[in-house]
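Here the structure is laid out as structure tokens; the discussion comes afterwards.
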Amino acid sequence: MRGLHKLRPGHRAVPAGSTRQHPRHPPPDEAQLLDTQRAFDSVAADYDGPLGNNELIQRMRLILWDTVHSIVPPGARLLDLGCGTGIDALEFARRGFHVVATDWSPLMVERTRARAAAAAMQSRVTVAHLGIQQLARLDDEFDGIYSNFGPLNCVPDLGAVATECARLLRPGGTLVFSVMGRICPWELGHYALRGRFKRAGVRAARGATAVGMNRHTIWTCYYLPREFYRAFSGQFSLQGYRALGLFLPPPYLVDYYRRRRRWCERLGRLDDRLGALPLLRDMGDHFLIVLRRR
């Protein structure tokens, strides 16, 4: 691939899994990032299964894939923020794009690297252990940047991310992000009906919220689309956004979907038809937002 990612002078790459350079008592943001890293390391081995790639997740993946494909020129260079096990990166490579895939979890990075090798896609997919909060280390240029299923919800400073994305994108370049939303009607109803009111309202919290996964903690910030866009508005124009998982249940309720597949397919068609309408597009498990560099 042309222009493999480069670290800027003065920044030293940290070996995967190393914590030697961290202070004994890291500051709050850094401690939370390390918690999140450990959580995703703990699920990397089986993240391609029901947890990270079930039917409901696959449906949302396809929407992001087709959105990127429709607005970024063929053969373009893409940056994947929070690549996970590399499912999205390999799909875009198959569609003819060149991808630099990055993730804060070293074990996720290993899975992506192995997936690219197994598919003989190393010429189209470059993999780097790099957190979104570390984009200042990247010295490269891209036609588009995408992020799927909420890695940006785990970043302490969205404004800094916006600045780095603007630096890394060519003029007119596009951001396509799938972000966890603040208002998920399914989640509110599911937990409220079970009397778990604190869990039902977890997305209403301001700032980083502790969310459990596999006996670890993921520090997560939830956003309304307008809240999320505010951090990017200085460098990017809003092209549009839509709800993902508005009428369909969220991915962690995939067992409900499997028991009532025909009914849920009807709900999916409502998602497709109505998810971009005003007011409705502000709700859902995730929202898909498209921004263009000014």
Side-chain angles (χ1 to χ4, degrees), residues 43 46-71 82 84-85 87-88 91-92 146-153 176-205 209 211-213 218 220-229 238-290:
V43 298
D46 57 0
Y47 206 62
D48 292 348
L51 179 63
N53 198 37
N54 63 48
E55 297 94 319
L56 292 167
I57 290 176
Q58 290 168 14
R59 197 179 195 282
M60 288 194 279
R61 279 193 196 280
L62 183 59
I63 294 172
L64 182 135
W65 291 349
D66 290 346
T67 300
V68 172
H69 198 172
S70 69
I71 60 180
T85 62
I87 293 172
D88 299 324
E91 175 63 23
F92 285 122
Y146 68 90
S147 182
N148 212 356
F149 297 112
L152 288 159
N153 293 88
V176 182
F177 295 151
S178 170
V179 182
M180 287 184 285
R182 187 178 289 283
I183 305 171
C184 180
W186 262 94
E187 185 168 292
L188 286 167
H190 175 74
Y191 286 110
L193 288 172
R194 287 155 179 79
R196 298 179 61 185
F197 299 108
K198 184 176 180 180
R199 177 62 183 85
V202 70
R203 298 189 187 219
T209 300
V211 178
M213 185 175 74
I218 301 172
T220 307
C221 298
Y222 297 96
Y223 299 100
L224 291 170
R226 64 176 176 271
E227 292 173 332
F228 183 86
Y229 174 58
L238 177 63
Q239 300 300 293
Y241 64 93
R242 61 164 299 122
L244 299 175
L246 172 59
F247 296 100
L248 277 168
Y252 56 82
L253 294 179
V254 68
D255 288 342
Y256 178 94
Y257 169 86
R258 290 169 179 168
R259 292 194 302 270
R260 299 167 177 83
R261 191 177 296 267
R262 184 174 297 180
W263 165 245
C264 286
E265 286 303 319
R266 294 176 183 173
L267 296 179
R269 288 193 286 273
L270 285 178
D271 264 13
D272 295 338
R273 291 170 53 193
L274 305 178
L277 293 180
L279 297 182
L280 292 179
R281 64 186 177 178
D282 291 308
M283 297 182 283
D285 182 56
H286 285 66
F287 58 87
L288 186 77
I289 189 167
V290 180

Side-chain heavy atoms of [X] within contact of [Y], under 4.5 Å:
X	Y	answer
Glu55	Arg261	yes
Arg61	Phe149	yes
Phe177	Asn153	no
Tyr257	Asn54	no
Phe228	Leu152	yes
His190	Pro250	no
Cys184	Arg203	yes

Give a yes or no answer on whether the side chain of [X] reaches the backbone of [Y] with a donor-acceptor pair at less than 3.5 Å.
X	Y	result
Asp285	Gly245	no
Arg242	Asp271	yes
Arg182	Ala205	yes

- request: For salt bridge (Lys or Arg N to Asp or Glu O under 4.0 Å), just list the numbers for Arg258 and Asp255, CA-CA rounded to whole Å, side-chain angles, deciding distance to a tenth of an Å, and then say yes or no.
  value: CA-CA 5 Å; Arg258 290 169 179 168; Asp255 288 342; 3.8 Å; yes
Pairwise distance [atom1]([X]) to [atom2]([Y]) - rounded to 0.5 angstrom:
X	Y	atom1	atom2	value
His69	Leu62	NE2	CG	12.0 Å
Leu238	Ile289	CG	CD1	5.0 Å
Leu188	Ile183	CG	CD1	8.0 Å
Arg266	Arg260	CZ	CZ	14.0 Å
Leu246	Asp272	CG	CG	11.0 Å
Tyr252	Leu56	OH	CG	11.0 Å

Nearest heavy-atom neighbours spanning [X] and [Y]:
X	Y	result
Leu288	Leu244	CB-CD1, 3.9 Å
Ala200	Ala192	CB-N, 3.9 Å
Asn148	Ser178	OD1-CB, 3.3 Å
Leu248	Cys264	CD2-O, 3.1 Å
Ile87	Trp65	CG2-CZ2, 4.0 Å
Glu187	Val202	OE2-CG1, 3.9 Å

query: Using the ring of each side chain (for Trp, its six-membered ring), is Tyr256 parallel, tilted or perpendicular to Trp186, with breaks at 30° and 60°?
result: perpendicular
task: Would you confirm whether the ring centroid of Tyr241 sits within less than 6.0 angstrom of the ring centroid of Tyr229?
output: no
